[in-house]
Amino acid sequence: MTGSLSRLLRPRSIAVIGGRPAAEVIRQSDLIGFDGEIWPVHPKLDQVEGRRAYRSVAELPGAPDAAFVAVNRALTVEVVGDLAAHGAGGAVCYASGFSESGADGNSLQQALIAAAGAMPFLGPNCYGLINYLDNALLWPDQHGGRRVARGVAIVTQSGNIGLNFTMQKRALPIAYLATLGNQAAVGLSAVIETLLDDDRVTTIGLHIEGIDDPRALAAVSARARRRGVPIVALKTGRSAAGAELTVSHTASMGGADAAVDAFFRRIGIVRVQTIPIFLETLKLLHFGGPLTGRAIASMSCSGGEAALIADAVEESPLDFRPLDTTQAARVAATLPELVTISNPLDYHTFSWRNGPALTETFSAMMAADYDLTMPLLDFPRPDRCDDADWMISAEAMVAAAQRTGRRGAVVATLPDAFPEERAMALAEAGIAPLFGMDDALAAASAAADAGEFARMASRPVRLDPPPAGRCAALSEWDGKQILARYGLPVPEGLLAASAAQAVAAAETIGFPVVVKAVGAQIAHKTELGAVRLDLTDGAAVAESASALLPLAGRVSAERMVSDAVAELIVGVMRDPALGPVLLVGSGGILAELVGDRALMAMPAAAHEIYAAIAGLKAARLLAGHRGKPAGDIGATIAAILAIQAFALDHLDRLAELDVNPLMVRPKGSGVVAVDALISLGGPE
């Protein structure tokens with residue numbers, strides 16, 4: 001079992017072993033001002049970067065808190081063993097050629113793990129780590145950061161991307177940068193666990209390609225929420241590869257990446273999609289923490305900018321809540337009569353260069369109880385222009401924030417129009433400088449997500465792996481009968497092995513009816529022409545049954561559902577790493593084409609299902625679109641819970657499940673599952 005990472009991440013003594021990269025660690029440590037001990041180890045040199053070099057780890061004057069090991073891959077194993085025997089607190093293994101390089105490398109990585117024993121190490125194939133809080137570096141290259149008193153921690157699997165993060169000029173204070181490499185001994189969750197022990201860390205950002213241990217990540221995310229430290233993830237790639245599920249619409253609509261989204265939401269990690277949004281979100285969270293809601297206000301001296309941001313918010317979950325009568329009157333009192341009072345606010349240029357007047361306007365807007373107030377301010381380029389007039393606006397924003405105690409950020413619509421010097425000045429005053437209007441709005445939405453996650457109660461997440469062995473699909477008929485026993489409403493119907501039996505079944509049920517071919521091999525009946533709808537007499541049933549019986553040897557006759565308000569798809573997909581995920585979306589034959597769906601980690605509660613349905617485009621139909629009746633939402637949620645109950649009871653065998661469509665009838669009339677696909681696994 002790997003020991004604590006505290007000495008490795010916060011060292012007071014560092015050993016550097018190897019050639020050029022090790023020497024560079026010393027140079028960079030001296031440049032940033034590390035005031036602890038640095039002990040070079042080199043078999044031939046007497047000095048490295050002006051310091052006495054020791055011939056071996058055994059000769060070191062003490063047990064180093066951290067070591068940077070930059071020797072070839074075979075020698076790395078030996079050196080790590082020596083460090084562990086000497087009582088070192090941990091190591092960074094710089095060399096590559098381990099598990100990422102094939103079978104031979106994998107064997108060598110196992111030897112490295114054995115040599116380390118309980119001593120933690122990052123890597124191998126790892127660039128290193130930087131602690132900007134204590135000026136402690138195990139980093140073999142130049143970097144762009146500087147010492148900070150508090151800030152965000154960034155954990156990435158990529159050394160080069162980590163290096164790039166240090167070069168940002170966005171006034172984001174980085175407290176820690178840790179790269180993970182192969183994660184042979186220390187994974188993502190262990191690093192987060194140690195970062196949470198440092199009260200100077202305000203927010204944690206993850207740039208990750210894969211999730212090494214979902215259970216550990218869920219546990220450490222719960223601790224982060226208790227500590228009030230938001231976690232933001234930029235997840236690239238796909239989750240762990242596994243058996244491909246291609247039979248159901250659910251599998252094709254869900255996908256591995258969507259499962260990651262559902263998992264992150266359940267455990268309270270905010271996911272973003274691009275590096276700029278990642279950085280802006282970390283910054284906004286650092287300066288003030290999560291947002292308590294989604295109501296925002298914008299101010300600018302340009303009607304064009306006001307229109308741009310209004311359009312940008314139109315498709316986002318943020319809310320440009322209008323000012324109420326009292327609030328509008330207070331804002332109006334600070335401006336000429338020619339200004340239209342609204343949110344977004346175009347205050348024109350009447351107050352430009354007038355600091356006291358701008359402070360009054362900004363204060364009146366900020367006092368209107370918005371979760372975030374954002375003036376738009378694009379600074380002129382400093383190499384050719386004078387920005388004195390722009391600084392008046394920036395200083396007015398600082399004064400307004402201090403007067404009102406409200407949350408504010410200054411947004412440059414163009415990332416290029418925010419000089420680092422001006423961003424740093426605002427940051428020092430506690431105002432988040434946000435680069436790029438679209439990225440700033442995405443960051444605000446992500447910060448609001450963080451606020452929702454901070455308030456949510458911890459809920460379990462099922463991480464059951466897919467069943468082993470061969471999977472086989474049940475017939476639609478058998479699948480629906482099983483689900484009906486869990487309380488899922490299905491159409492009244494009967495099986496038939498001949499046209500005459502089908503006619504008799506239809507007459508028993510009552511017209512109109514639907515006739516379908518019944519067989520485990522028939523997954524998608526519409527594509528195969530294996531379903532006939534709205535049959536109103538015996539002749540039509542006989543003709544349809546005669547045509548469909550050769551496909552499978554049996555048909556079903558079921559009561560036709562003709563009053564549906566909307567069609568939904570409900571299913572369960574299995575991610576090999578992240579377990580079962582519940583899907584709900586617009587259903588019917590256009591399910592995959594429309595792509596209107598929401599995913600939830602299982603088990604999902606009724607309120608989560610309600611929120612998922614409310615977020616669908618199909619929600620407009622369910623609410624009663626263009627005079628049509630509203631759908632039965634209560635019955636819909638009950639049906640989805642019934643489907644989930646079956647899935648949870650059969651997770652050891654369930655490969656995939658697909659109810660499509662679930663016909664939602666008018667309020668008070670219930671729902672009907674008219675088609676179902678269940679695939680179960682088992683021993684070969």
Side-chain angles (χ1 to χ4, degrees), residues 28 31-33 130 132-133 135 142-152 154 162-177 200 202-203 205 275-288 298-302 305 349 351-356 358-359 362 366 372-403 407-441 443-444:
Q28 294 301 325
L31 283 171
I32 202 170
I130 304 175
Y132 285 117
L133 298 166
N135 281 350
Q142 60 185 345
H143 59 92
R146 62 177 185 173
R147 186 165 191 169
V148 297
R150 58 195 295 273
V152 307
I154 299 178
L163 175 62
N164 295 344
F165 285 147
T166 74
M167 300 298 178
Q168 53 84 26
K169 298 180 180 180
R170 295 170 175 249
L172 173 66
I174 298 176
Y176 287 93
L177 172 70
R200 298 170 295 177
T202 61
T203 308
I275 285 178
I277 297 173
F278 179 69
L279 296 174
E280 297 309 299
T281 300
L282 291 176
K283 193 191 313 175
L284 187 56
L285 289 169
H286 170 78
F287 292 104
S298 167
M299 305 175 292
S300 66
C301 64
S302 162
E305 288 178 336
T349 55
S351 304
W352 190 247
R353 304 185 185 90
N354 187 337
L358 286 171
T359 300
F362 292 173
M366 295 188 79
L372 183 66
T373 304
M374 306 182 297
L376 304 181
L377 195 63
D378 284 45
F379 289 86
R381 50 187 301 158
D383 57 339
R384 301 178 189 171
C385 306
D386 182 356
D387 67 359
D389 293 346
W390 282 258
M391 285 304 299
I392 293 172
S393 295
E395 290 162 359
M397 182 59 185
V398 173
Q402 291 173 345
R403 178 189 297 183
R407 184 85 175 267
V410 172
V411 177
T413 61
L414 295 173
D416 315 70
F418 219 142
E420 184 179 20
E421 179 185 355
R422 299 311 183 198
M424 292 295 295
L426 283 163
E428 289 170 6
I431 302 293
L434 301 180
F435 287 56
M437 183 175 65
D438 291 335
D439 293 338
L441 293 173

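Counting begins at 1 with the first residue of the sequence.
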Taking it one step at a time, do Arg422 and Val410 satisfy side chain to side chain contact (heavy atoms under 4.5 Å, CB included)? CA-CA 11 Å; Arg422 299 311 183 198; Val410 172; over 6 Å; no

Under 3.5 Å, side chain of [X] to main-chain N/O of [Y], donor-acceptor pair present?
X: Asp378; Y: Ala417; answer: no
X: Arg407; Y: Phe287; answer: yes
X: Ser302; Y: Glu305; answer: yes

Minimum-distance pair of heavy atoms, taken over all atoms of [X] and [Y]:
X: Ala432; Y: Leu284; answer: CB-CD1, 4.0 Å
X: Leu358; Y: Ser351; answer: CG-O, 3.5 Å
X: Pro380; Y: Trp390; answer: CD-CD2, 3.5 Å
X: Leu377; Y: Ala394; answer: CD2-N, 3.9 Å
X: Ser393; Y: Phe362; answer: O-CE1, 3.6 Å
X: Ile32; Y: Asn135; answer: O-ND2, 2.8 Å

Just so I know, are the side chains of [X] and [Y] near enough to count as touching, which here means a heavy-atom distance under 4.5 Å?
X: Asn164; Y: Ile275; result: no
X: Arg200; Y: Tyr132; result: no
X: Gln28; Y: Leu31; result: yes
X: Lys283; Y: Pro433; result: yes
X: Gln168; Y: Phe435; result: no
X: Leu434; Y: Phe418; result: no

Within a radius of less than 6.0 Å around CD of Gln142, do more than 12 heavy atoms belonging to other residues, nucleotides or ligands occur?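 It does not: Gln142 CD has 12 such atoms or fewer within range.
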
Is it the case that more than 12 heavy atoms not belonging to Arg146 sit under 6.0 Å from its CZ atom?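 It does not: Arg146 CZ has 12 such atoms or fewer within range.
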
Please name the residue in the list Leu282, Leu172, Ile154 that meets the side-chain contact (heavy atoms from CB on, under 4.5 Å) test with Phe165.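 Between Phe165 and the candidates, side-chain contact (heavy atoms from CB on, under 4.5 Å) is satisfied uniquely by Ile154.
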
Using 0.5 Å steps for rounding, measure from the [atom1] atom of [X] to the [atom2] atom of [Y].
X: Arg353; Y: Asp389; atom1: CZ; atom2: CG; value: 4.5 Å
X: Met366; Y: Met299; atom1: CE; atom2: CE; value: 7.0 Å
X: His143; Y: Met167; atom1: NE2; atom2: CE; value: 8.0 Å
X: Glu421; Y: Leu426; atom1: CD; atom2: CG; value: 11.0 Å

